[in-house]
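Quick notes on the structure that follows.
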Amino acid sequence: MTASLIKDLHARTEDFLNKEIQVNGWVRTVRPSRTFGFIELNDGTFFSSLQVVYDENLPNFQEVSRLVSGSAIRVAGVLVESPGTKQPFELKAESIAVEEHCEPDYPLQKKRHTFEYLRTIAHLRPRTNTFSAVFRIRSAAAYAIHKFFQERGFVHVHTPIVTGSDAEGAGQMFRVTTLDFDKIPRDEAKLVDFSRDFFGRETSLTVSGQLEAETYCMTFNKVYTFGPTFRAENSNTPRHAAEFWMIEPEIAFAGLAEDMALAEDMLKSVINYILKHAAEELRFLNSFVDKTLLERLENIGGSDFGHITYSEAVDILKDSGRKFEYPVEWGLDLQAEHERYLAENHFGRPVFVTDYPKDIKAFYMRMNNDGRTVAAMGLLVPGVGEIIGGSQREERLDCLEKRMDQLGLNKEEYWWYLDIRKYGGARHAGFGLGFERLLMYLTGMSNIRDVISFPRTPKNAGF
RNA sequence: UCCUCGAUAGCUCAAUCGGUAGAGCAACCGGCUGUUAACCGGUAGGUUGUAGGUUCGAGUCCUACUCGGGGAGCCA
């Protein structure tokens, strides 16, 4: 007999009820009595477990009653309606074969563990309710993002992980090398001779696929990337990881307004997909992790995101009457406390902030007509902070070159990026979405380390 | 990297003024005829994060380090 999936038992119960079936899975808990007992069985296909009822007619009744949580078993029996109130049906076992016993020092218990402890057993934590919910949602959200872009004609571009550009400008980079650290080759000036390294030049892990994505945007009109990104910043916060996944769409013949509309549509689409396809998981997270989660996600579909300019944000903060630790002054970047006030107190929903002063933003952002702000946007979200950063890109070659000169950037390093402006460059815009930050918003988890399977943070790459 | 708080049994925590280590859960043994964080009884389980120091005596006070939480910076 082929094994049935617990997911299907829930989806098409009538097809299985009162029939002989087999289910393979892992024991979550056993509750034995003298002549019978219950097993919570989880097969990984569905959030909820299946209750198995067994009794002393099993030849291996004693062995089954002593099963340690975590053991892998195969159960054959009849699916029947359950007299208990916590589950609609249960499996009346006719035989239980032990696939593999679990050692008694199994670290997971039937009670609550702290997330901090579970991080030390990252290889086992997906077996807990919370993490199985988080990682199933992660999978569904990734699919929902591809679905959203593919259905709108976006081309998925795989931009390189290893990059030769040392000036992508988004942060500290991890170096990629095969040089022997005990015998580093040096040139006449005693500098490291990267011409003898694997790629014949200095290389690093990417901090963004945006510049490469822009080039494909000028071919396919609408493109997106979805891949790993690496930042060697010594950031020790619940919102930063050294390795994370980023989604970066880029659209041609479009400006900042279209860019923001795209971001809003995408977020709403992903949220609606998750509400529909991960309902069990969201219900669980709503009761045990964040009591406001479902309400927040359900409300977002019907509400429009806020829109303010940076200048308006400064005015709102100044007029708020709030005492902030950091000063609010036009030209200074918004601090975390300011962003929180805007998203959580003033708007109470996601809000786009646009048109930042040029001096606090990247060189490639399009200069506005006022000459002192750029067409940039950030999406602030309650509880997480900045989840998206984007801009209309500077498509005018002379403006871009002038800006690079002002900032002292080496134009030769960017020759191919500048070429795009020479050869039929068009207006275009895009943004970067931190996938883990989106997941924090979707799950209510408050630490980025708990929404990525094996998190890499400063001093932590043990798995 | 800075500020701040913390580290005690496998896990979650307690230990009064500095006086010599305690509970629940897990494990193990036994009981229980519908449980669902099952329940009841028992057994075992400790170099109190590491290294120093003060003291007759340190889980408790001091110093350094390691790791972790929260806040900040950098950013997504």
Side-chain angles (χ1 to χ4, degrees), chain A residues 28-41 48-56 65-66 68-70 80 82-87 90 92 102-121 124 128-129 168-172 207-210 228-248 263 288 324-326 333-340 360-362 378-381 384-390 431-441 446-452 457-460 462:
Chain A
R28 282 288 174 84
T29 84
V30 183
R31 293 183 292 273
S33 286
R34 190 166 62 89
T35 59
F36 68 98
F38 300 94
I39 298 172
E40 291 294 329
L41 188 69
S48 301
S49 296
L50 173 67
Q51 173 157 284
V52 174
V53 193
Y54 66 95
D55 61 29
E56 59 187 339
S65 282
R66 289 176 190 183
V68 171
S69 295
V80 297
S82 176
T85 53
K86 300 222 171 165
Q87 59 281 319
E90 62 192 18
K92 181 91 179 61
C102 182
E103 294 290 316
D105 60 354
Y106 190 52
L108 291 173
Q109 297 169 29
K110 302 178 194 181
K111 56 171 227 171
R112 196 184 168 282
H113 291 288
T114 60
F115 293 150
E116 291 81 12
Y117 169 66
L118 291 170
R119 276 175 220 149
T120 69
I121 48 170
L124 300 174
T128 64
N129 288 331
E168 291 185 25
Q172 292 283 78
V207 293
S208 166
Q210 180 200 316
T229 309
F230 306 87
R231 304 271 168 94
E233 302 285 356
N234 190 12
S235 295
N236 294 287
T237 85
R239 294 178 301 283
H240 290 84
E243 177 183 271
F244 63 99
W245 287 61
M246 192 151 65
I247 295 107
E248 296 176 290
F288 290 98
F324 292 111
E325 194 181 334
Y326 289 87
D333 208 351
L334 298 179
Q335 302 292 315
E337 57 173 347
H338 307 142
E339 296 182 348
R340 256 205 311 277
I360 58 174
K361 288 294 171 185
L379 180 66
L380 309 180
V381 145
V384 181
E386 189 174 327
I387 201 171
I388 283 176
F431 63 81
L433 165 73
F435 186 51
E436 283 77 12
R437 289 192 180 171
L438 171 65
L439 285 169
M440 291 169 73
Y441 191 65
S446 55
N447 196 310
I448 198 168
R449 296 167 176 86
D450 297 328
V451 297
I452 188 164
T457 52
K459 303 271 189 284
N460 188 347

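So you know, we letter chains A, B, ... as the sequences are listed, proteins then strands, and number each from 1.
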**Message:** B/G70, OP1 or OP2 - any side-chain N/O from A/Asn447 closer than 4.0 Å?
**Reply:** yes
**Asked** Counting any heavy atom closer than 4.0 Å, what does A/Glu103 reach on the DNA or RNA strands: base, sugar-phosphate only, or nothing?
**Response** nothing
**Asked** Which sits closer to the 5' end of RNA chain B, A/Arg66 or A/Thr457, going by the nucleotide each is nearest to?
**Response** A/Arg66
**Asked** To the nearest angstrom, how far is A/Tyr326 atom OH from B/C2 atom C1'?
**Response** 9 Å
**Request:** Would you check if A/Phe38 stacks with the base of B/G34, given a 5.5 Å centroid limit and a 30° plane limit, both strict?
**Result:** no
**Prompt:** A/Pro458 near the nucleic acid: base, sugar-phosphate alone, or nothing, with a heavy-atom cut-off under 4.0 Å?
**Reply:** nothing
**Asked** Could you give the CG-to-P distance, from A/Leu108 to B/C11, as a whole number of Å?
**Response** 12 Å
**Request:** Scan A/Asp105 against the nucleic acid and name what it touches under 4.0 Å (heavy atoms): base, sugar-phosphate only, or nothing.
**Result:** nothing
**Request:** Take the protein atom NE2 of A/His338 and the nucleotide atom P of B/A72, then report the distance between them rounded to whole Å.
**Result:** 11 Å
**Asked** Any side-chain N or O of A/Arg31 less than 4.0 Å from the OP1 or OP2 oxygen of B/U35?
**Response** no
**Complete:** Nearest heavy-atom approach of A/Arg31 to A/Thr29 is NH1-OG1, 3.5 Å
**Request:** Considering non-hydrogen atoms only, spot the tightest contact between A/Val80 and A/Lys92 and give its length.
**Result:** CG2-CB, 4.4 Å
**Request:** Could you tell me whether the phosphate oxygens of B/G73, OP1 or OP2, come under 4.0 Å of any side-chain nitrogen or oxygen in A/Gln335?
**Result:** yes
**Complete:** Applying the Watson-Crick and G-U criteria (both distances under 3.5 angstrom) with [ ] for crossing and | for other-strand pairs, one obtains for RNA chain B (((((((..((((.....[..)))).(((((.......))))).....(((((..]....))))))))))))....
**Message:** Counting the atoms with a prime plus P, OP1 and OP2 as sugar-phosphate, which does A/Phe244 contact under 4.0 Å by heavy atoms, base, sugar-phosphate, or nothing?
**Reply:** base
**Nucleotide B/U35, atom C1' - distance to OH of A/Tyr54 in whole Å** = 10 Å
**Complete:** Result for 5'-nearest mapping on RNA chain B, choosing between A/Ser82 and A/Val30, is A/Ser82
**Request:** Please measure how far the P atom in B/A44 lies from the corresponding atom in B/C2, and state the result in whole Å.
**Result:** 48 Å
**Prompt:** If we only count heavy atoms from C-beta on, is the A/Arg66 to A/Pro32 side-chain gap below 4.5 Å?
**Reply:** no
**Request:** Mind checking A/Thr120 for me? I need base, sugar-phosphate or nothing, with any heavy atom below 4.0 Å counting as a touch.
**Result:** nothing
**Prompt:** Rounded to the Å, how far apart are A/Gln87 CD and B/G34 C1'?
**Reply:** 10 Å
**Prompt:** Of the nucleotides B/U1, B/A72, B/A26, which has the atom closest to the A/Asn234 side chain?
**Reply:** B/U1
**Message:** Using a 4.0 Å heavy-atom cut-off, does A/Ile388 contact any base of the nucleic acid, only the sugar-phosphate backbone, or nothing at all?
**Reply:** sugar-phosphate
**Request:** Using atom types as modelled and distance alone, determine if a side-chain donor or acceptor of A/His338 lies under 3.5 Å from a backbone N or O of A/Phe324.
**Result:** no
**Asked** Hey, does the side chain of A/Glu337 reach the backbone of A/Tyr326 with a donor-acceptor pair shorter than 3.5 angstrom?
**Response** yes
**Request:** Look at all strands and tell whether A/Gly84 reaches a base, only sugar-phosphate, or nothing, counting heavy atoms closer than 4.0 Å.
**Result:** base
**Item:** Side chain A/Gln51, main chain A/Gln87, donor-acceptor under 3.5 Å
**Value:** no
**Message:** Using the P atom as the point on both nucleotides, what is the distance between B/A76 and B/U1, in whole Å?
**Reply:** 22 Å
**Request:** Send over the distance from A/Glu325 CD to B/C2 C1', rounded to a whole Å.
**Result:** 12 Å
**Request:** Quote, to the nearest angstrom, the C1' distance that separates B/A7 from B/U50.
**Result:** 11 Å
**Message:** Using a 4.0 Å heavy-atom cut-off, does A/Gln51 contact any base of the nucleic acid, only the sugar-phosphate backbone, or nothing at all?
**Reply:** base
**Same-atom distance (C1') from B/G45 to B/U4, integer angstrom** = 35 Å
**Nearest heavy atoms of A/Asn234 and A/Asn236, plus distance in Å** = OD1-ND2, 3.3 Å
**Prompt:** Is the backbone of A/Arg437 close enough, under 3.5 Å, to the side chain of A/Arg239 for a donor and an acceptor to pair up by distance?
**Reply:** no
**Message:** Quick check on B/A72: is either OP1 or OP2 less than 4.0 Å from any side-chain nitrogen or oxygen of A/Arg239?
**Reply:** yes
**Item:** B/C75 base / A/His240 side chain donor-acceptor hit below 3.5 Å
**Value:** yes
**Asked** Rounding to a whole Å, what distance do you find between A/Glu339:CD and B/G71:C1'?
**Response** 15 Å
**Asked** Is there a side-chain polar atom (N or O) of A/Arg34 under 4.0 Å from OP1 or OP2 of B/U33?
**Response** yes
**Asked** For B/U33, does OP1 or OP2 lie under 4.0 Å from any side-chain N or O of A/Thr35?
**Response** no
**Prompt:** Is there side-chain contact between A/Asp450 and A/Arg119, with at least one heavy-atom pair below 4.5 Å?
**Reply:** yes
**Prompt:** Has A/Lys361 got a side-chain N or O lying under 4.0 Å from the OP1 or OP2 atom of B/C75?
**Reply:** no
**Fill in**
Regarding the side chain of A/Asn236, the nearest nucleotide among B/U1, B/U12, B/C75 is B/U1
**Closest nucleotide among B/G68, B/C11, B/G73 to the A/Asn460 side chain** = B/G68
**Fill in**
In short, A/Leu433 meets A/Ile387 closest at the heavy-atom pair CD1-O, 3.5 Å
**Request:** Looking only at side-chain atoms of A/Ser235, point me to the closest of B/C28, B/G73, B/U12.
**Result:** B/G73
**Asked** Is A/Thr85 touching bases, backbone alone, or none of the nucleic acid, heavy atoms closer than 4.0 Å?
**Response** base
**Request:** Respond yes when some side-chain nitrogen or oxygen of A/Arg340 is under 4.0 Å from OP1 or OP2 of B/A72, and no when none is.
**Result:** yes
**Request:** Check every atom of B/A27, B/A37, B/G73 against the side chain of A/Pro104 and return the nucleotide holding the closest atom.
**Result:** B/A27
**Asked** Which nucleotide sits closest to the side chain of A/Glu116: B/U12, B/C74, B/G69?
**Response** B/G69
**Nearest-Å distance for atom pair CD/C1', residues A/Gln109 and B/C25** = 6 Å
**Asked** By ring-ring contact (aromatic ring centres under 6.0 Å, His included), which residues pair with A/Phe38, not counting sequence neighbours?
**Response** A/Phe36
